[in-house]
Amino acid sequence: MLLLRKILFASFLFPMLFMGSNERSQNTPLQDTLRVIAKEAGGMVGVSVLYPERGESLSLHGADHFPMQSVYKFPLAMKILHDVDNGKLSLDSKIHIDKKEWVEGTWSPMRDHYNSGTVDINLREILSYTVSGSDNIGCDILFRVAGGPGEVNDYIHQLGIKEIAIATTEADMATHWEVQFRNWCTPNAMATLLRLFLDGRVLAPASNELLMQFLTATTTGPHRIKGLLPTGTIVAHKTGTSDTNEKGITAATNDVGIITLPDGRHLILVVYIRDSRADEKSREGVIARIAATVWAYQQSDIPPK
């Protein structure tokens, strides 16, 4: 908390931080601070920040491509719930899972819970495991239900989010290092998608609320966006993490989400770290410090627009 207090104090020293309704091309003190933090990641850091109630935004490498890894389970869940809203699917419908689908060697709390047996699980539970627990097998089952990655990709593009590509399953990504880069998104595009979701402009209210619950219940990445925020801060987020290759490079360390501030306002934050040689603690620490810095700025005593 000492670090957070220092960051909060520093935020009051920058009276000219407002970016306005559109992101400015020139540097701001806040962007400069984020660049200093990003240097410790040992790779490329992409950041997109939206302060919805203030109509402000900023980014670092906001238009660059970054591999999403499990972050893409968020747009996948949106597609599934869109199909629920349209009556194509039901949250209570049972999905048959054969024991051969319980692939070993991949992250799957759901597989471990059901002891790799042949089961019928309702769609709501698979969504919960996939979003909150980042379950890889659950993810690929949902891709099967949705009609494949291409269907999810088309749906997100139809929402107006073009700078994103959803092309492969978790099983596909496990086949070769380069496959993961086919699932990419710019920080700004993901922040825009989160804004559409936050504003309730895409899903029915019940589906929006359910997905928000699943994102808030996320168990992965406790030391990322949430790492340095005050205890009890509500964060609805989705993480994504790659393996580290034989050269010591980690392709993706990500966290994206919506932070609810004490006064009820919101902060949308996307942080992607690409091709890093730093260790996990350092990468996650960079995400946590970025989150604490932009949180402190939002808590300044300048009234919202």
_Joint cluster assignment, I164 & I273, ILVMFWY side-chain distance < 4.5 Å_ = no

*For the pair S276 and T250, evaluate side chain to side chain donor-acceptor pair (under 3.5 Å) and give the outcome as yes or no after the intermediate values.*
CA-CA 5 Å; S276 172; T250 305; 5.8 Å; no

_Determine whether a donor-acceptor pair (N or O, by modelled atom type, separation under 3.5 Å) exists between the side chain of N115 and the backbone of G117._
no

_I97 CD1 to R111 CZ distance, which is reported to the nearest 0.5 Å_ = 12.0 Å

*Any sub-3.5 Å donor-acceptor pair from N153's side-chain atoms to I166's backbone N or O?*
yes

*Using distance alone, with no hydrogens and no angle criterion, decide if T239 and T220 have a side-chain donor and acceptor under 3.5 Å apart.*
yes

*Rounded to the nearest 0.5 Å, how far does CG of L127 lie from CG of L211?*
8.0 Å

_If the test is side chain to side chain donor-acceptor pair (under 3.5 Å), which one of K238, Q180, E170 qualifies with Q69?_
Q180

*asked:* Apply side-chain contact (heavy atoms from CB on, under 4.5 Å) to residues N254 and R274 and explain how you reach the verdict.
replied: CA-CA 8 Å; N254 306 330; R274 185 182 75 200; over 6 Å; no

_W295 and P230, any side-chain heavy atoms less than 4.5 Å apart_ = yes

_L228 side, atom CG; E284 side, atom CD - distance, nearest 0.5 Å_ = 11.5 Å

_Close side-chain approach of C139 and Y72, heavy atoms under 4.5 Å_ = yes

*asked:* Please check this pair: side chain of S90 against backbone of D92, looking for a donor-acceptor N/O pair closer than 3.5 Å.
replied: yes

*Please step through side chain to side chain donor-acceptor pair (under 3.5 Å) for the pair D172 and T169, ending with a clear verdict.*
CA-CA 5 Å; D172 293 332; T169 64; 3.1 Å; yes

*Any chance NZ of K99 has more than 12 other-residue heavy atoms, nucleotides or ligands included, within less than 6.0 Å?*
no

*Looking only at heavy atoms, what is the nearest atom pair of V152 and A146, with distance?*
CG2-CB, 4.1 Å

*Enter the distance from D112:CG to Y129:OH here, rounded to the nearest 0.5 Å.*
9.0 Å

_Run the side-chain contact (heavy atoms from CB on, under 4.5 Å) test on H96 and T118 for me, step by step, so that the C-alpha distance in whole Å, both residues' side-chain angles and the decisive distance to 0.1 Å come before the verdict._
CA-CA 8 Å; H96 183 74; T118 297; 3.4 Å; yes

*Can N136 and S108 be said to form a side chain to side chain donor-acceptor pair (under 3.5 Å), step by step?*
CA-CA 6 Å; N136 290 340; S108 180; over 6 Å; no

*With no hydrogens and no angle check, is any side-chain donor or acceptor of K73 less than 3.5 Å from a backbone partner on S134?*
yes

*With no hydrogens and no angle check, is any side-chain donor or acceptor of N86 less than 3.5 Å from a backbone partner on K88?*
no

*asked:* Using a strict threshold of under 4.0 Å (side-chain N to carboxylate O), is an ion pair present between R265 and E53?
replied: no

*Distance-minimising heavy-atom pair for S48 and S59*: CA-CB, 4.1 Å

*Under the ring-ring contact (aromatic ring centres under 6.0 Å, His included) test, which residues partner F66, sequence neighbours left out?*
Y272

*Taking W107 for the side chain and G133 for the main chain, is one N or O donor matched with an acceptor at less than 3.5 Å?*
yes

*Just wondering, are more than 12 heavy atoms of other shown residues or ligands nearer than 6.0 Å to CD1 in I95?*
yes

*Hey, what do you get for CG (L34) to CG (L58), rounding to the nearest 0.5 Å?*
6.0 Å

*Got P67 and W184 here, is their nearest side-chain heavy-atom distance under 4.5 Å?*
no

*Following the transitive rule for hydrophobic clusters with a side-chain heavy-atom cut-off under 4.5 Å over Ile, Leu, Val, Met, Phe, Trp and Tyr, establish whether L30 and V271 coincide in one cluster.*
yes

_Closest heavy-atom pair and its distance - P52, H266_ = CD-O, 3.2 Å

*What about L215 and V49, same hydrophobic cluster or not, with Ile/Leu/Val/Met/Phe/Trp/Tyr joined at side-chain heavy-atom distances under 4.5 Å?*
no

*Please list, chain by chain and in numerical order, all residues satisfying ring-ring contact (aromatic ring centres under 6.0 Å, His included) with H82, sequence neighbours excluded.*
Y155

_Any non-hydrogen side-chain atom of V256 less than 4.5 Å from a side-chain atom of L194?_
yes

*Charged N to carboxylate O under 4.0 angstrom, R144 versus E101?*
yes

*asked:* Checking S207 against D85: is there a side-chain donor and acceptor pair closer than 3.5 Å?
replied: yes

*Charged N to carboxylate O below 4.0 Å: is that the case for D199 and R201?*
yes

*Which atom of A171 lies closest to which atom of T175, heavy atoms considered*: O-CG2, 3.4 Å

*If two hydrophobic side chains count as joined below 4.5 Å and joins carry through other members, does I137 share a cluster with L76?*
yes

_Heavy-atom donor-acceptor pair, S128 side chain to R124 backbone, under 3.5 Å_ = no

*When you look at I156 and K79, which way does the side-chain contact (heavy atoms from CB on, under 4.5 Å) test go after all the steps?*
CA-CA 8 Å; I156 299 299; K79 172 62 167 72; 5.9 Å; no

*Any donor-acceptor pair under 3.5 Å linking the side chain of T293 with the backbone of R289?*
yes

*Just how far is it from atom CG of L123 to atom CG of L91, taken to the nearest 0.5 Å?*
5.5 Å

*Mind checking whether I287 and I249 sit in one hydrophobic cluster, side chains of I, L, V, M, F, W, Y counted as touching below 4.5 Å?*
no

*With side chain to side chain donor-acceptor pair (under 3.5 Å) as the test, would you mind laying out the steps for T241 and R224 before giving the verdict?*
CA-CA 11 Å; T241 312; R224 297 185 189 181; 2.9 Å; yes

*Can you find a pair of side-chain heavy atoms, one from I290 and one from I225, that are under 4.5 Å apart?*
no

*May I have the step-by-step check of salt bridge (Lys or Arg N to Asp or Glu O under 4.0 Å) for R283 and E40, ending in yes or no?*
CA-CA 8 Å; R283 299 191 309 271; E40 299 181 17; over 6 Å; no

*Among V286, V45, L60, V47, the one residue meeting side-chain contact (heavy atoms from CB on, under 4.5 Å) with I37*: V286

*Ignoring hydrogens and angles, tell me if any N or O in the side chain of N183 forms a donor-acceptor pair with the backbone of A167 under 3.5 Å.*
yes

_Side chain T186, main chain A63, donor-acceptor under 3.5 Å_ = no

*Quick one: closest heavy-atom pair of M212 and L198, and the distance?*
CE-CD1, 4.4 Å

*Minimum heavy-atom separation for A41 to A278, with atom names?*
O-CB, 3.3 Å

*ring-ring contact (aromatic ring centres under 6.0 Å, His included): pairs with one or both residues in residues 194-228, sequence neighbours excluded*: F74-F197

*asked:* Within the 4.5 Å heavy-atom criterion, are H65 and E163 side-chain neighbours or not?
replied: yes

*Step by step, would you call H237 with I258 a side-chain contact (heavy atoms from CB on, under 4.5 Å)?*
CA-CA 6 Å; H237 66 125; I258 301 166; over 6 Å; no

